[in-house]
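These numbers come from the heavy atoms of this one structure, side chains and all, not from hydrogens, waters or symmetry mates. Lettering of chains follows the sequences in order, A, B, ..., and the numbering in each one begins at 1.
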Amino acid sequence: MATTVPKVRSETLRTLPDDNVRQILWHFADRYDLQMLVQSAREVARGPVARLVSEGSRGTHEWTSKKAKLLEAFDQSGITAVFMDPEHGGYLVGPKNLALALIAFELAWVDAGAATCSLAGCLALAPIHERGTPEQRAHYMALAAPPAPGEDRHTYRGAFCLTEPIPYVGVDTGMLSGKVRITEWVDGQEPLLHVEKRGRFITNMGFANFVTAAVDSGDDRIKGSCMVIIEESDPGVFDRGTPTRKLVHQLSSTCDPIFNVHVPASRIVGGYTIKDGAIIPNYSHSEVIEAVFKRTRVTVALMTSAKLLSAVEPIIRYQRGRFRGSEQAKPGMLRYELGLQQRQDALHRLANLWAIGEAGAALGFAAARLYDEIDPLEREKDAILAAKGIRGGKAQLRFFRDVDQSALELLRLEATAEEKRNRDVYDTLKNDRLVEFALKDAVANVLCPAAKLWNTGTGANSMREALSLMGGYGITEDCPGFLAYKWMDSQLEATYEGPEAVQRRNLSVTMTNELFLAQFRQWIAEMRRVAEHRPGTGACTLATAMQLWLWTYRHLRVTTDAYGGALYQSARQGVTFPLADALGWLLATRQQTLDLIELEAKGPENPVLAEGLASTLGFFTDLCHIQAARAAGEVGRICAELVFGYNRHPAWDDEGYKGCYQSDELDSLEGLIPGIASCATDVVGPDGSHPAKAGPCASCQGLEGFQRLRSKLDGCLTGAQLAKDRLAEALSKVMIPEALDYPR
Amino acid sequence: MTNPYHVVVCASVVPDPLQTLEPITGPSGPALKNEMMLPAILDPWASHALYEGANLVKHIAGSKLWLVSMAPKAKLQQVMMTVAQKVPLQLVAVDGPSSGFADAHQTAHALAAAIRAIAGIDLSRLLLFGGWESASRSAGVTLQLIGEELGIVDQFQGVDAITPQEDGSFEVLERVEGARHQVSLCAGPPAVLGWATGNLGEPRNDPQVGMANMRTIMPALQRATVASISADGMRYSNVATPKQQRQTRIVKELPAEDIAREIVQWITQE
């Protein structure tokens, strides 16, 4: 049989991928503002942050003066000001999602707690940025920007307070205990509010000057919930609370605060209207949170991916140097030069975790870029709806039913041959900003929870594997790259800003949006086209896995279990959640493949890359291939469990016997069709005897489509292990620096 | 106070010192393995010159600072993402090799031409800054040759400080043996100053400075002149990285005084 890729590539990866490669992969090669930001964040990460970790500052959950120095470093390096627009003291124009994602990535490369510390300030400002009144935005954003030269003030720092002590808000953001009431309302004057709120696990609380807190109405004269801004100087109790005794992310401050303060009603985020003698906040707390979290969760997702990729270099160095210095390993000997890399397992496992890191980073950065595209679209959408007088969630939903139909029509036209399209309709729909918003929003609503769920969950498992590749060294404080800390931290990344169950729930809803599914079908065709020109990428494997996932989803929508219960329904998380898990594998791997194509297209334009581009592309192609195979394996397993797992297994009873051959019947058939007996698996004797097993084999009637796809998928794995062998070869030869570049 | 200076800092890029530097013989002579693919930084010696130059310009009203750098354009652009955030500067880019094995005479000629071509530069006010050594090959001659090409006869090497005087002259501290400095008084520019480490720390990255610099840096990179540096007539008889020396003895319970004595003895031996 012909193979499309060689057993060994003529050139293997020469050096670890540098900024030139990353900038193309993650689509910011033309953004020098972001490139500078990366360098700036990196200097902080590998300097002050790394020094804090190596000095042992993670040994306590208390917020110390040493840790507080990080805030100054963030200010001086421009990290704090990234979130602000230039009119509020920032320096980046336009959406900031990719910028924040890159900062999170760089900081988490060394310590994710530092990344959290930096991003929690943005999280506090995000409600104000996304839903605040113009006055609130101008006031708090300017205060939170570091002082300009000559300005005499300190940087205002914020905390976001949603989570409350059990049994209140946590996984379910609707169960609020915090209350807001009216204490004074003089006619013609602004009402004065009384806010009571207890928080739990609140980041930045050890030093925050203001807090954006979610509260529910405790007063008939206030309708619904809202978010309010509390300042440390407000009259009443602003108790930062006790530090949370957490074991991870020790470079961020986390406390359980208590607030009992009086604030003017102008502190309600987004303002309010007065109707029939009652205050109606313009945005409920859940509306604010939705706008905030769907962006910030992406940055958390990237933290775990950064850590996985950061583990590659220290692992290679450890593996190679494992035996150096011993009597049995002299320079020139294989044991000296390659160390543990003489053995395939160490290299294969390293390749696996590298591939997962790449896929996660690809997915996270794609989501961040998508939000950068959506931000201006969303503002346009809001303006259009406001002009049409459409207000409130339900009215918007009704309006968007028509828009969604238009978007589906556009997708249908795009799938039609150009000469057969109605050009006018196509052009109209293509230029419709609401249609564009609907399409992108449908994808973003999937990519965000998928990235948060898959990157952190799979990433945490892979970090454990990374540690194991360092042997006992991996679980020591001395481990280069701080891998043990990174592993422990990843558990928190999988938890905060909505734990895995929340992401699965979210994803199991958004992935059923027909607008998303229609685009997903297009992506299957897209992967086939990729595979046609780049057969070594595993794109064909991925396309088949995507088909299998779609088949399974469609099947589960209309099928019942053995007892007649509907399968794909909200309450049946045993069905919906695993399918959401499977989708994460597919989306991450697809994005990894698309990034590879970007590198292939743009790489030749960069003379620095030209010299080793072929080897870099070859390596990344093989990484995609093994990741596609891994994704296919996961998807195949999950889908098979769901498709077959809810059917009742036949038993050795009357019903079961109906599907079996009787032995005398088989004997007579053997005379007519010689050899048939050898094909029969379930044969019942005249005395009712049967083979020793659980029951007759399950029938697959109605599932032939699944079986065909599953069987095809297994075949699609052809060549994946060869790719892994090539990766192993490359990993044993790639040139790495003499030493890790942190702590500096 | 003194008259303004026109400070030109010559600095190239070198591979990040943490990288594995393995000499190989390429088609045009010696090179480093995978040199183009290795992350690069601004030459550390010249970086000190840049920070000192920027500090000088900041304190002498009307002074200007240019960074003249010859390197592969794409490589230089990547390095600028960090350097541009350090101090306000104007870049003059020359697209050419940054390898430590490039001919110093031809390099100096190309850089001198680039300096002469700077719009608005007053060569009589010129202070030519650079590193007294280089992290690439430590030949340490390029800066002097540029000075020669530009006809600058006042040259100082191993500089740690420059102090402008009221009369337009300036005092220069040059490193000499025994951790001492030689103090010179120079009547005024033009002069060449090959810097040692100076006295300033590395400035923090400031993206605001970077954004301001980038407005001129990106166009400067686009219009970079191409310098063709030929390897003809050059021959390196031997190229090797400095040998790592490691002599380890394990001695238990040795008094601190004995350890100190042994270290001093080791330092002072030939």
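- Only the side chain of Asp18(A) comes within contact range of chain B, with heavy atoms under 4.5 Å apart.
- Residue Ile79(A): no heavy atom, backbone or side chain, is found under 4.5 Å from chain B.
- A distance below 6.0 Å separates the ring centres of Tyr236(B) and Phe101(B).
- Looking at Asn606(A), the atoms closer than 4.5 Å to chain B (heavy atoms on both sides) all sit in the side chain, from C-beta outward.
- Taking the six-membered ring wherever Trp is involved, the centroid distance between the rings of Phe105(A) and Phe365(A) falls below 6.0 Å.
- Ile229(B) and Ala110(B) get closest at one heavy-atom pair: CD1-CB, 4.5 Å.
- Only the backbone of Leu740(A) comes within less than 4.5 Å of a heavy atom in chain B; its side chain stays farther off.
- Other residues, nucleotides and ligands place no more than 12 heavy atoms under 6.0 Å from the CZ atom of Arg235(B).
- Of the listed residues (Gln23(A), Glu43(A), Glu611(A)), the one with the most heavy-atom contacts under 4.5 Å to chain B is Glu43(A).
- For chain A, no part of Lys73(B) is nearby; none of its heavy atoms comes within less than 4.5 Å.
- The aromatic ring centres of Phe619(A) and Trp354(A) sit less than 6.0 Å apart.
- In plain terms, the two heavy atoms of Ser230(B) and Asp103(B) that are nearest each other are O-CB, 4.3 Å.
- Proximity to chain A (any heavy atom under 4.5 Å) is shown, for Gln19(B), by both the backbone and the side chain.
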